[in-house]
Amino acid sequence: MTADASPAHYDFHSVERRWQEEWAKNSVFTVPDVPPADRPKYYVLEMFPYPSGQLHMGHVRNYALGDVVARYKRARGFSVLHPMGWDAFGLPAENAARERGVHPKEWTLANIAAMRETLKRLGFSLNWDREIATCLPDYYGKQQKIFLDFLAAGLVDRRESWVNWDPVDHTVLANEQVVDGRGWRSGALIEKKKLSQWFLKITQFAPDLLDGLKTLERWPERVRVMQERWIGRSEGARLRFPLAHPPEGLDAELNSVEVFTTRPDTLFGMSFLAIAPDHPLAAKVAETNADAAEFIAECRRLGTSVEAVETAEKRGFDTGLKVAHPFLPDAAFPVWIANFVLMDYGTGALFGCPSGDQRDLDFARKYNLPVTPVVLPAGETADTYRIMDKAWTGDGTMINSGFLDGLSCADARKEAIARLEGLGVGSGVVNWRLRDWGVSRQRYWGCPIPIIHCKSCGAVPVPDEQLPVELPDDVTFDRPGNPLDHHPTWKHVACPKCGKPATRETDTFDTFVDSSWYFARFTAPHTATPTNKAAADGWLAVDQYIGGIEHAILHLLYARFFTKAMKQTGYLDVSEPFAGLFTQGMVNHESYKDQNGNWLYPEEVERSGTSATHRETGTPVTIGRVEKMSKSKRNTVAPSAIIDRFGADTARWFVLSDSPPERDMEWTEAGVAGAGRFVQRLFRIVTQVAASCPVDAAPAAEMPEAVDTLRRTTHRTIVAVTEALEAFAVNVAVARLHELTSALADGERAADQPGMAFARREAARTLCLLSAPMMPHLAEELFAIIAPGAGMVVAQAWPEADPALLTVTRVKLAVQIMGKLRGTIEAEPDEDAATVIARAEAEPNVARLLEGQKIVKRIHVPNRIVNFVVAR
RNA sequence: GCGAACUUGGCGGAAUGGUAGACGCACGAGACUUAAAAUCUCGAGUCCGUAAGGGCGUGCGGGUUCGAGUCCCGCAGUUCGCACCA
């Protein structure tokens, strides 16, 4: 499809390029680092992309939506910061290096260039001077500085931690890279291995991160709920169970087992103590007990696969050890190693109360451990109450519980904690599910952790003047493991403290670190320090953040943590990075398969009605599900190809048109084509108006009906589109613009009436201004034609509706009998009730149906409805 | 298992408790054309009826109300998130 030369055809290629150049030439989207004081600021940010090589439709939707907000707010008089950058570190670059021999840096920078090109063709109102790429030393060097400041502030820790180790690739894998217990790439059986790792102490901020959620009113409720659960605050008690007969040579630390419980009220129902397979005491037992060692090894193998966790039955190993009970001096309870106890939560040990916890009950039944009911539900009697196969987790009255008998569960919890504290063996505590954030990755393509390991001085921070610690370019990927480790010289340096030979840390940061502060860097991307305080304080928080729901937990939580930690270290002054969050839906597409079951690209398929055939071979094609665009299903549509065929405005208009932005949308050929037709139609109509209605056309004092109707539609549309955009209902705004377009086209029929030329120009001009956030190029082009000399659309204020044209002159009311519609009548606005009701009663169809009925009630809702209630 | 969201024509969807289906896509009829494309006009929830009009309609069952897509209770289905959290 090529643009033809006829004047009625809109040549989007040249027009779009021209306006993009015009905007760039005039730097219209440039804002200073410190927001100007004369206008309110507005910071719009979309989640920056990973430079995979090609922009996809999800990006187009995300950025089109952000651009609507940015351009709208600009028109409303805000000074808008709208930057773009690249989340440029990460594994795919290393994979490309290993598979195709391209250097990760080259690969990444080439991808960025390609994607930047496509983004620019889409005409987004981005401040390109602020572009950043996380893989450049200018960015990651500042990140190293922040890390060292966090370290000095006590927000960083180095400790041993379990990782998924791939023994073939010599690398650590993320949980999602372990499939069925094997490495996703090598297929090797994954081992659990302990490595020294750097941790960011996000748990220090757990209460702040939880409380902060309450202030995030413009976040989706479900995201807040997900984060709340992830942080996982719970109240309970910690207490120690001393070992009755500690084995010889046991560390004092292991003489007792510490347990966390939310149910200290049920302590008298205890029948065993269970520890995690990774618990230090389990390891101690395994030293001398081969069976225990075998059991632990088995648990670890199972632990790696997700399905195994789902279906694994509760299994345990009796260590033979016994513990004493703080409230029952005469009793002793067995210590089991159990596969359902998590080392990561609480203390890695629990006391089992089978009557009050389903897991404990299942475990007790399996191993014939005693079950003592301690909570009596209302309506049961102690003598006859038995626990069968369901534990009672609800409220009730304490029984079989010594000094707690007769208390409610809540009172018993308080009393139990008081007693534990009195005995000095435990206390009430708040426990958090949130764990510290391990940020070490054994990879090349990431931000180097700025630490030097010295045999005498330990882990020494790289001095500020030696920052950034740059990645060496001369690396090879011809053998497994981390290239930084194999590099002949890079890691060998002098210790900054003592000057003796030492080695650099060869781990790099988790890439989530890179994206945890980029929004702050955008406020002053060229400053020598990580942030410029005045810029950061001036622009932050981000007023509207837009991205996919897949980042609901990790990215958003880490960014919130970084903001609080950066506040503590003096980099900025806000507590929350994103005041408003919008999560947009995915872009889906039909998928296609040929007769042999191979996926086909949309452009290989010829659709006709409900069936499809292969474009070249003519063989039948199976139309599959509508699902997320993905390379593996080949159901992708490349934005650049769409821009080639239809132009940027059409692509943008379509992704904004039909579906509400928070929901998934389906990309269809017919849909884009329809959007393309609308672009052409608008162009035709507005150019026709410009040609036939004089520029100096004046409004008429007395407007004929058609003129009045068009002007009122114009002004009502201003209100409707404004409301829709404020509510993020872009699809509704699009619908209202369709309506105004049709009304404008209708105006031609009454072209000769007094004031119509003015009304049509007004409608056309308004249409340009209102559609500019969605179709900025077309809006500029048409505005230049319809409003010569008025300057660019990007320099115009958002239109204001004339209140005089928003009033209604006549209203149509529905007339109901018993709530059923029976007719409609017209009335003056706010006409008195008696007159309106009388007119309603006289409406022929209503009168007919009311014949012989007794009206018991007449309901009149002014300007809306009249409803007659009749006796039955 | 726990939690959340959603369910409206052939399709995407609209609708401060007040005329359900705006707007778009697909579809049908007509105009223009030698023809097609493009464009323009008109039509359309469904059933009965020539029509006027009427019955039924927002997943299912109940409730509140003069009036429910909208509020409340229960159920089903779909989707998403978390998942042995002591």
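Just so it is clear: chains get the letters A, B, ... in the order the sequence lines come, proteins before strands, and each one is counted from 1. From a predicted model like this one, the values you see are computed outputs, not experimental measurements. The analysis underlying the following values was restricted to heavy atoms, covering all of them including side chains, and did not include hydrogens, waters or symmetry mates.
- Side-chain proximity of A:Lys812 to the nucleotides B:U19, B:C82, B:A86 is greatest for B:U19.
- If you check every strand for non-hydrogen atoms under 4.0 Å, A:Arg663 touches sugar and phosphate atoms only.
- At the heavy-atom level, A:Leu849 lies under 4.0 Å from the strands shown only through sugar-phosphate atoms.
- A:Arg712 contributes a side-chain N or O that, together with a main-chain N or O of A:Thr807, makes up a donor-acceptor pair within less than 3.5 Å.
- Residue contacts for A:Val815: at a heavy-atom cut-off of 4.0 Å it reaches no nucleic acid atom on any strand shown.
- Counting non-hydrogen atoms of neighbouring residues, nucleotides and ligands closer than 6.0 angstrom, the NZ atom of A:Lys812 reaches no more than 12 such neighbours.
- Residue A:Thr824 is classed as a base contact, given a heavy-atom separation below 4.0 Å to a base.
- Using a 3.5 Å distance cut-off with no hydrogens or angles, the side chains of A:Ser234 and A:Tyr345 do pair a donor with an acceptor.
- Residue A:Asn431 is classed as having no contact, given no heavy-atom separation below 4.0 Å to the nucleic acid.
- Of the candidate nucleotides B:A86, B:A83, B:C84, B:C84 has the atom nearest to the side chain of A:Asn339.
- Between A:Asp362 atom CG and B:G1 atom C1' the separation is 12 Å, expressed in whole Å.
- Residue A:Asp360 is classed as having no contact, given no heavy-atom separation below 4.0 Å to the nucleic acid.
- Atom CE of A:Met818 and atom P of B:U65 are 13 Å apart (whole Å).
- Distance from the side chain of A:Ala814 is smallest for B:U19 among the nucleotides B:U19, B:A86, B:G13.
- Counting only heavy atoms from C-beta on, A:Arg433 has its side chain closest to B:C82 among B:U41, B:C82, B:U39.
- Atom C1' of nucleotide B:A68 and atom CG of A:Leu821 are separated by 16 Å, given to the nearest angstrom.
- Both distances falling under 3.5 Å, in either a Watson-Crick or a G-U wobble arrangement, occur for no nucleotide opposite B:C32.
- No option in A:Val679, A:Ile642, A:Thr668 other than A:Thr668 meets the side chain to side chain contact (heavy atoms under 4.5 Å, CB included) test with A:Phe654.
- A salt bridge between A:Arg858 and A:Glu841 is present, with a side-chain N of the basic residue lying under 4.0 Å from a carboxylate O of the acidic one.
- In this structure, A:Ile817 places its CD1 atom 16 Å from P of B:U19, rounding to the nearest Å.
- Among the protein residues, A:Arg822 comes within range of the sugar-phosphate backbone only, with heavy atoms under 4.0 Å from sugar or phosphate atoms but none that close to a base.
- Between the side chain of A:Arg864 and the base of B:U16 there is at least one donor-acceptor pair of N/O atoms closer than 3.5 Å.
- Whole-Å rounding puts the A:Ile685 CD1 to B:U41 C1' distance at 14 Å.
- Side-chain to base pairing of A:Arg263 with B:A86: no donor and acceptor N or O lie closer than 3.5 Å to each other.
- B:G17 takes the anti form, because its glycosidic angle lies more than 90° either side of 0.
- Closest to the side chain of A:Arg681, from the set B:G18, B:C40, B:A86, is B:C40.
- Between B:G18, B:C82, B:A15, one nucleotide has an atom nearer to the side chain of A:Ile865 than all others, and that is B:G18.
- The side chain of A:Lys314 lies closest to B:C84, out of B:G12, B:U39, B:C84.
- A salt bridge does not link A:Arg810 with A:Glu828: none of the charged nitrogens is closer than 4.0 Å to a carboxylate oxygen.
- The closest side-chain donor-acceptor pair between A:Gln227 and A:Arg560 falls under 3.5 angstrom.
- Checking B:C75 for Watson-Crick or G-U wobble geometry (two distances, each under 3.5 Å) identifies B:G59 as its partner.
- Minimum atom distance to the side chain of A:Ile859 is reached by B:G18, of the listed B:G12, B:G3, B:G18.
- At the heavy-atom level, A:Val861 lies under 4.0 Å from base atoms of the strands shown.
- Within the nucleic acid shown, A:Glu739 comes within 4.0 Å of sugar-phosphate atoms alone, with no base atom in reach, counting heavy atoms only.
- Protein atom CE of A:Met774 is 14 Å distant from nucleotide atom C1' of B:G24, rounded to whole Å.
- In this structure, A:Arg413 does not pair ionically with A:Glu235, as no charged nitrogen and carboxylate oxygen lie closer than 4.0 Å.
- Counting only heavy atoms from C-beta on, A:Asn867 has its side chain closest to B:G67 among B:A86, B:G67, B:U7.
- Atom pair A:Arg224:CZ and B:G3:C1' shows a separation of 15 Å (rounding to whole Å applied).
- Distance A:Phe683 CZ to B:U39 P: 15 Å, rounded to the nearest Å.
- Of all nucleotides listed (B:C23, B:U39, B:C80), B:C80 comes nearest to the side chain of A:Arg222.
- Base-pair partner of B:A86: not found among the strands shown (Watson-Crick or G-U wobble, both distances under 3.5 Å).
- Taking the nucleotide of RNA chain B with the nearest heavy atom to each of A:Tyr345 and A:Met226, the more 5' of the two is matched to A:Met226.
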